[in-house]
2 protein chains.
Amino acid sequence: MTSVTIKDVAALAGVSLATASRVLSGHPATSSESRARVTAAAEQLDFRPNAQARSLRSAKTHVLGLLVSDVRNPFFADLAHAVEQAALETGYVILLGNANELEDQQNRFLDTLIDQRVDGVIVAPQGDGQGSISSLVNRGIPTVFVDRTVDGVSVPCVTTDSRPGISQAVKHLAEQGHRRIGYIAGPQSISTGRERYAAFVEALKEAGLDQDPALTVFGDFQLESGAAATERLLQLEDPPTAILAADSPMAVGAVAKIRERGLRIGPDVALVAFDNINLFALLSPALSVIDHSVEDMGRIAVDLLLKVIDGEDPASVSLPSGLIIRESSLPPHSVNTQRKN
Amino acid sequence: MTSVTIKDVAALAGVSLATASRVLSGHPATSSESRARVTAAAEQLDFRPNAQARSLRSAKTHVLGLLVSDVRNPFFADLAHAVEQAALETGYVILLGNANELEDQQNRFLDTLIDQRVDGVIVAPQGDGQGSISSLVNRGIPTVFVDRTVDGVSVPCVTTDSRPGISQAVKHLAEQGHRRIGYIAGPQSISTGRERYAAFVEALKEAGLDQDPALTVFGDFQLESGAAATERLLQLEDPPTAILAADSPMAVGAVAKIRERGLRIGPDVALVAFDNINLFALLSPALSVIDHSVEDMGRIAVDLLLKVIDGEDPASVSLPSGLIIRESSLPPHSVNTQRKN
DNA sequence: CTGAAAGCGCTTACAG
DNA sequence: CTGAAAGCGCTTACAG
């Protein structure tokens, strides 16, 4: 594992170390003669510059970090993909990290990014911004928030405005005759958890529905908590006739639990999920969802970050959300007419 | 963004640079006096050592790379999670990359890992091992293959033996009376694509079923190709009565296409998918799947890699697979009795 | 256009 | 236990 260094390349090419470096890093002041020889030598030796050494001098790594909250949440997997595709054209490489919805894992990864001196980072943050998030910002490392934000940390961010989607969902359910709507909330330590809950409460008022606090159960955005919350809701003395889940993993947990209890989604319990996961359209009945564009979110996040790296201070972006009605929130007769299967 | 360096820490603590370094890197030869002062100074300045500089000297980064084929494939998202959890206890941090089933993207990421001089890498490889894969191996960078292998590249690997699962699936379908089984194959440039296809052909023979080559359509392991392949199969003059898909994204494409054509999964076309994705159990009818343990695979991959890093040469591991029968491959009456929903 | 030299931020024998 | 110094592999003013 004795690496080939630029010294070896220079020696083989018969030029000085400085000239070799200039050719390799594309500096204009080089003769075509030396360009040819150095390039050939580098190729012959399969030389890969040591990024450590390079960025120790130039303070540029051409690497961006992306921290998602949970890779197993399809929304974030899609987001990772979208960010990556957008970054691909810019010449940056993305290092992906998974917080697994845990602040501790988030901090470990962010510390690693700081240590590696990445050029910038996109993060869907956990927690209150005390730990590594503040290190990131205090060091002036270009940072952009995506999907979520942290109060008091002012970096550009791209988020979804959950309100229209949730308002439409509650209104729609009310129109179907539902008076008691159960809500599986996200954690209130996370901005999206708070915003969506507030939007739900607001929407209930607007629609004049039952505001029984027992109808809201708090989960942690992961599958098991969605199942547990559903169980609690269904065991209520006066259980809800419809359930809204604040993200897709919790919705999956809800689907599993509703079936486990021998109830039918739609006729017995209507269900609407936040996040438009492709498989949700394939469930029977197909799930109604609150949709927002993960492609836009990823692309804009990269855009914003590149601007921050360039020293600009771009404005934050808020993306729209909206309800897509499918069978899971329609009455049985309607389901029958719509269903092909 | 003027970083705090170890020099600043040493100055504030009133010791030499060397002493500060020894304290910070846990070298035993330090007095408790200087340990206290340096630690305090580092804390006060929020000092984070520059990993570039550190590993330039010590040739250790404590970072591992993990390259998955496709983050949006839930199997690989689960794998990423499993690897990460296993690595967490070892003090290594995982840098995750996504090849998006493209050799070019794989190579870009692997080159970045080489440049960053990570301590080792776990990869689910694409291609023939000519590009960055061979760079990795030739440089002696500790490498382990996971899920897939590359012919002629001899690194330790942990894979699934697809044969028992596929053999059981074909046998099961034959028992249900199916004579013409469609197969949505993975690309033959990928080891799992080849192995599963060979296992399918073998299983057909064993079961004495129709070996019409038109019944096999090759996809690329991604969703759209699964839908396209299903369309071709269903448009056959003598279409299959059952379909087996070689991975889960292609199975999702198959589900969507079967429904789009107004057919019922189970009664009209039986369906079995490779990979046990949690949502598959929630479809109606629930999908029969070929199961293998992604947790074991992730954990073992990390184990193997740590051994390679320690200079050992661990043996490769092959994990079992097996069929889980659900409604999608059972006759209608059986479906009716089993279905709760 | 080119080379010698300084320096990026660390670690680590080498003396003491 | 501690400090001065060399060196990891690069880049980049500085002269020429």
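In what follows, chains are A, B, ... by sequence order, proteins preceding strands, each numbered from 1.
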Exercise. Under 4.0 Å between a side-chain N or O of B/Thr5 and OP1 or OP2 of C/dG9?
Worked result: no

Exercise. At under 4.0 Å, does any side-chain N or O of A/Ser31 touch on OP1 or OP2 of C/dT2?
Worked result: yes

For this session: Using a strict cut-off of less than 4.0 Å between a Lys/Arg side-chain nitrogen and an Asp/Glu carboxylate oxygen, indicate whether B/Lys307 and B/Asp310 qualify as a salt bridge.
Result: no

Exercise. Are A/Arg37 and A/Glu43 ion-paired here, with the side-chain N under 4.0 Å from a carboxylate O?
Worked result: no

Over how many whole Å does the gap from [X] atom [atom1] to [N] atom [atom2] extend?
{"X": "A/Lys7", "N": "C/dA4", "atom1": "NZ", "atom2": "P", "value": "13 Å"}
{"X": "B/Arg54", "N": "C/dT11", "atom1": "CZ", "atom2": "C1'", "value": "9 Å"}
{"X": "B/Arg57", "N": "D/dG7", "atom1": "CZ", "atom2": "C1'", "value": "5 Å"}
{"X": "B/Gln52", "N": "C/dC8", "atom1": "CD", "atom2": "C1'", "value": "10 Å"}
{"X": "B/Arg48", "N": "C/dG9", "atom1": "CZ", "atom2": "P", "value": "16 Å"}
{"X": "B/Gln116", "N": "D/dG9", "atom1": "CD", "atom2": "P", "value": "16 Å"}
{"X": "A/Leu24", "N": "C/dT2", "atom1": "CG", "atom2": "P", "value": "14 Å"}
{"X": "A/His27", "N": "D/dA13", "atom1": "NE2", "atom2": "C1'", "value": "10 Å"}

Minimum-distance nucleotide to [X] side chain [options: [options]]:
{"X": "A/Thr19", "options": "C/dT2, C/dT11, D/dC10", "result": "C/dT2"}
{"X": "B/Phe47", "options": "C/dT11, C/dC10, C/dT2", "result": "C/dC10"}
{"X": "A/Ile6", "options": "D/dT11, D/dG3, C/dT2", "result": "D/dT11"}
{"X": "B/Arg22", "options": "C/dC10, D/dC14, C/dT12", "result": "C/dT12"}
{"X": "A/Leu56", "options": "D/dC10, C/dC8, C/dG3", "result": "C/dC8"}

Answer with base, sugar-phosphate or nothing: what part of the nucleic acid does [X] contact at a heavy-atom distance below 4.0 Å?
{"X": "A/Leu17", "value": "base"}
{"X": "A/Ser34", "value": "sugar-phosphate"}
{"X": "A/Ser21", "value": "base"}

For this session: Would you kindly say whether B/Ser135 and A/Arg48 are connected by a side-chain donor-acceptor distance under 3.5 Å?
Result: no

Seminar exercise, completed: For C/dA4, the nucleotide meeting Watson-Crick or G-U wobble distances (both under 3.5 Å) is none

Exercise. Does D/dA13 have a Watson-Crick or wobble mate here (both distances under 3.5 Å), and if so which one?
Worked result: none

Problem set entry | Separation of the C1' atoms in C/dT12 and C/dG16, to the nearest angstrom | 16 Å

For this session: Take atom P in D/dT2 and the same atom in D/dA6, then report the distance between them in whole Å.
Result: 22 Å

Exercise. Can you name the one residue among A/Ile133, A/Leu304, A/Thr159 that meets side chain to side chain contact (heavy atoms under 4.5 Å, CB included) with A/Phe145?
Worked result: A/Ile133

Exercise. Of B/Arg194, B/Glu195, B/Gln188, which meets side chain to side chain contact (heavy atoms under 4.5 Å, CB included) against B/Ser191?
Worked result: B/Arg194

Problem set entry | Steps toward salt bridge (charged side-chain N to carboxylate O under 4.0 Å, His left out) verdict (A/Asp115, B/Arg54) | CA-CA 10 Å; A/Asp115 296 352; B/Arg54 170 176 280 181; over 6 Å; no

